[in-house]
Amino acid sequence: MAILKVARMGHPVLRDVAKAVDPAELDSPHFQDFIDSLIETMREYDGVGLAAPQVHVSKRVVVMEVAGNPRYPDAPAAPLRVLVNPEIRFRTEERIRVFEGCLSIPDLRGQVPRCARIELRALDRTGREQRQELEGFPAAVVQHECDHLDGVLFVDRVEDTRTLAFLREFQRYGSDAS
Ligand code: ZN
């Protein structure tokens with residue numbers, strides 16, 4: 001297990017479409033160790049989610065967890081999830097607006113519209129199929145992380161660039177700056 005180096009915006013790996021994971025690969029100690037490292041790296045940098053392409057591995061794997069996060073102090077807690085080959089289906093027309101950040105775009109925040117309720121299907125780290133409905137902030141996190149698997153960054157989805165703010169200014173002035 002190791003803390004992995006996070007790719008920053010501009011690195012081409014963040015713009016690639018990641019490859020599906022062969023479920024047989026989940027049995028290998030190497031892959032399980034990679035998942036542990038992904039989790040460790042997310043926690044080290046206070047992320048609420050991390051996608052494999054963000055650590056230079058172009059595979060469809062995402063981890064997420066919200067637990068007393070200093071970068072998102074107001075976010076409701078969400079348990080640790082490991083999502084392999086995740087797929088999302090939108091369950092409503094309703095959109096929520098979330099001020100997002102990204103470990104690959106350090107210190108920047110911007111407001112992004114996200115589907116308010118999604119159905120999520122994925123394999124867990126043992127290869128078992130999981131299906132769940134998510135709404136609100138955790139649903140937005142999943143959409144952000146799954147975007148990474150398709151080479152999409154949150155700044156691509158910011159509709160009003162006046163909502164962009166550096167973290168310190170965001171914390172000082174909040175969304176009023178927009
Ligand atoms: Zn991100």
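All values reported here derive from a predicted model rather than from experimental measurement. For ligands, and for the atoms within them, numbers begin at 1 and follow the listed sequence.
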field: Pair Glu129 + Arg121: basic N to acidic O under 4.0 Å
entry: no
field: Arg43: partners by side-chain hydrogen bond (donor to acceptor under 3.5 Å, both in side chains), with sequence neighbours left out
entry: Glu65
- prompt: Out of Arg109, Gln111, His144, which residue meets the side chain to side chain donor-acceptor pair (under 3.5 Å) rule with Glu100?
  reply: His144
- prompt: With sequence neighbours excluded, what pairs up with Glu159 under the side-chain contact (heavy atoms from CB on, under 4.5 Å) test?
  reply: Arg97, Pro113
- request: Can you label the angle between the Phe99 ring and the Phe170 ring as parallel, tilted or perpendicular, going by 30° and 60°?
  value: tilted
field: Pairs touching residues 49-62 that satisfy salt bridge (Lys or Arg N to Asp or Glu O under 4.0 Å), sequence neighbours left out
entry: Glu25-Lys59, Arg60-Asp150
query: Which count of protein N, O or S atoms is obtained for distances strictly below 2.8 Å from the Zn ion (ligand 1)?
result: 3
